[in-house]
Amino acid sequence: MIAAAPIATPAVDLWAIAPIIALVATGVGLVLIRALLRRNPAVTAVCFSVAVVGLLVAAGLLARQWHRVRDDGPIVSLADMVRVDPFAVFLGIVVVAATLAGLLLSYAYLRREELEAPEYFALLLLSAAGMLMMTTANDLVVVFVALEVLSIPLYVLVAFDRRRLRSQEAGLKYFVLGAFSSAVFLYGIALVYGATGTTSLSGIATFLAGNTLFEQTTLLVGLGLLLVGLGFKVAAVPFHMWTPDVYQGAPTPVTAFMAAATKAAAFAAILRIVLTAFPQYRDDWRPILWVLAALSMLVGAIAALAQNDVKRTLAYSSIAHAGYILMGVYAATSRGREAALLYLLVYAFMAIGAFAIVMIAAPGSDDAKHSYDDYRGLAVRRPVLGGLLIFFVLAQAGVPLTSGFVGKLELFGSVAQAGETSDYVLLVIGVLSAVIAFAFYLRIAWTLVTAPDDDTAVAEAYSTRPRRVDGWTGIVLAGAAALTLVVGVLPGTFIHFARDAVFF
Amino acid sequence: MTLAALEITSSYYLVLAAMVFTIGAVGVLTRRNVLVMFMCVELMLNAVNLSFVAFARALDDVTGQVIVFFVLVVAAAEVAVGLAIIVAIFRRRRHATADDLLALRG
């Protein structure tokens, strides 16, 4: 007879995971509301309001967590699997802000594209819950589950536009490559587990600090596969193939959400894995990150030059931005971490702002016309919209007095600080990439201010009634523009915010 | 050589898992039929499961076996969503080959 041994259950600190619970509960609640109000015409409006309230609750909980973890130190709970520290809360705030922006943008968009389905809001919140889980994950298995919880709703969201084949193809493409990269990531976990006997990030670090491995191959291959898997999610070259297609095909609010929030969550995982679990293997993972950063910056900027589609150009620019942020990870110092965090925050808002304009400005009703010709003369026809898009692309280019400038300065500074030859080479590549990127950002700006060449195009552009900017989109645009400007003019507060957040 | 000398150790399973994983990975990258690509992803996931179990046995630690359950659940959820997307495309196009997805090239 087998003796019934008591099972030790881990202590659960619900406070630590309260924001995640809020998002999951709201997401599941939305599905329920949807089922109960099936025939009610107000169902979308009700679900939208509930989703906004759920996100605001999560934001409030994160704000309270911020003060608590900053003053009393990190909360570690659930058998060491969840670690709520300033780093996690900072990126959690970025994720929730980006989700809120994506949600507000979606409301008018879904109505316009006749895609009204409350499930959309539920999927958005569940994906955000996965991202929050990822920022707090202190165990490779939790990182994997979080990766899937954030990805699976995203596959559906990308393919959400059922009238547009491109959207579904983008969803399929994202799904196949996403599933492939998760499998690669998972194999990395298996090899690291085999080499160290644990999947806990702090456990791996303790093990590696106390033991010398007889053979390192298993561990190093595992670490490499982990970086490949996450490289897919942040869209680092050479794992970026899906990015332009998916960003272009996805409904534009989803693209904005992906560019801002997914990046923040995936970088949270990268930073935590390499810095918490593998500090002893710095010399092994830093060259990998060097190559990823250099390739992403160069390929992203150069490929963007050759595009004829504004949405695709912004997708390539997001690849280049992933490269800039990787520079901060590569620096592997607290200054680099601070710069990466700050850049994730400012990039989120620059990207959301730019994609929000793309969402409004495209002519036609099927979210498919984004070529440069479609945007020609936008700043003349609609000075506010065109001006804002110029402002956001110039911010992405890193023009002084915008947040992009401050962010890039911090990142380049963090790499220069280390002062080895390879650091300077990376720095030169970064500056080169920024210069090349300037060309296509200026091309977008130039397109916006020049009038169309032939008269028919002008007549056509003026004959279509300008699309009204609804209140929610206006709020998002105003918020993104204000933040981009304020960080650029008065960076002090935000740099301090990021500096407080570097602690694991 | 006696049969006893041919004891199967966990490294056999690890090598098998590595081979199956490679077959799956190559399959995803080279096959054009989306359903076959799905199957290859499943092959990769199950190869990983096999390595987890083998490592769990070698390390005499139950964690690896527990992870397998997580992976199974996640794989099921993933396939459900993937097939739904395929069905949505198939309703419009009657075939599902990666080469036919021309709308997004380049």
Side-chain angles (χ1 to χ4, degrees), chain A residues 139-142 144-145 147-149 151-156 158-160 162-180 182-200 218 221 225 242 244-246 248-249 303 306-307 312 368, chain B residues 10 14 17-18 21 24-25 27-29 34 37-38 40-56 58-61 63-64 66-68 70-71 73-75 77-93 96 98 100-106:
Chain A
D139 191 292
L140 288 173
V141 179
V142 181
F144 171 69
V145 173
L147 187 70
E148 292 298 324
V149 172
S151 300
I152 293 177
L154 266 184
Y155 302 144
V156 185
V158 169
F160 206 82
R162 55 182 181 275
R163 290 181 306 129
R164 212 154 41 86
L165 193 60
R166 277 188 172 212
S167 167
Q168 289 164 6
E169 290 188 3
L172 185 65
K173 194 161 204 170
Y174 192 35
F175 171 77
V176 170
L177 287 172
F180 179 75
S182 332
V184 170
F185 183 77
L186 194 66
Y187 199 41
I189 299 179
L191 293 181
V192 170
Y193 168 68
T196 62
T198 174
T199 53
S200 156
T218 315
V221 172
L225 292 178
W242 57 272
D245 291 348
V246 172
Q248 189 189 3
Q307 302 306 316
R312 263 183 108 77
Chain B
S10 50
L14 293 175
F21 186 86
V28 175
L29 297 176
V34 178
M37 289 164 91
F38 272 26
C40 289
V41 169
E42 290 299 303
L43 214 55
M44 292 167 75
L45 288 175
N46 283 315
V48 176
N49 282 343
L50 186 60
S51 352
F52 269 121
V53 174
F55 277 130
L59 296 163
D60 197 19
D61 174 44
T63 316
V66 175
I67 296 173
V68 171
F70 282 87
V71 178
V73 171
V74 162
E78 213 171 50
V79 165
V81 165
L83 288 178
I85 295 176
I86 289 200
V87 169
I89 293 186
F90 194 75
R91 281 210 184 120
R92 299 177 55 127
R93 298 195 48 154
D100 296 328
L101 305 181
L102 287 176
L104 293 168
R105 259 289 156 84

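Naming: A, B, ... by sequence-line order, numbering from 1 per chain.
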Contact origin within [X] toward chain A - heavy atom pairs under 4.5 Å:
X	value
B:Ala75	neither
B:Ala77	both
B:Ala56	both
B:Ala84	neither
B:Phe52	both

Answer with side chain, backbone, both or neither: which region of [X] has an atom nearer than 4.5 Å to a non-hydrogen atom of chain B?
X	result
A:Phe175	side chain
A:Leu177	neither
A:Ser151	neither
A:Ser182	side chain
A:Val149	neither

Sequence-distant partners of A:Gln168, side-chain hydrogen bond (donor to acceptor under 3.5 Å, both in side chains), two or more places apart
none
Selection from B:Thr63, B:Val73, B:Val79 maximising heavy-atom pairs under 4.5 Å formed with chain A
B:Thr63
Most heavy-atom pairs under 4.5 Å with chain A, out of B:Val71, B:Leu14, B:Asn49, B:Val66, belong to B:Val71
Quick check for you: to the nearest 0.5 Å, what is the distance between [X] atom [atom1] and [Y] atom [atom2]?
X	Y	atom1	atom2	result
A:Tyr193	B:Leu59	OH	CG	5.0 Å
A:Ile189	B:Phe70	CD1	CZ	11.0 Å
B:Glu78	A:Tyr155	CD	OH	5.0 Å

Give the minimum heavy-atom separation between [X] and [Y], together with the two atoms involved.
X	Y	result
A:Gly197	B:Asp61	O-OD2, 3.8 Å
A:Ala190	B:Val48	CB-CG1, 4.1 Å
B:Phe38	A:Val176	CE1-CG2, 4.0 Å

Side-chain heavy-atom pair A:Leu172, B:Ile86 within 4.5 angstrom cut-off:
yes
Hey, does B:Met44 have a side-chain heavy atom less than 4.5 Å from the side chain of A:Tyr187?
no
Could you walk me through whether B:Ile67 and A:Phe144 pass the side-chain contact (heavy atoms from CB on, under 4.5 Å) test, one step at a time?
CA-CA 10 Å; B:Ile67 296 173; A:Phe144 171 69; over 6 Å; no
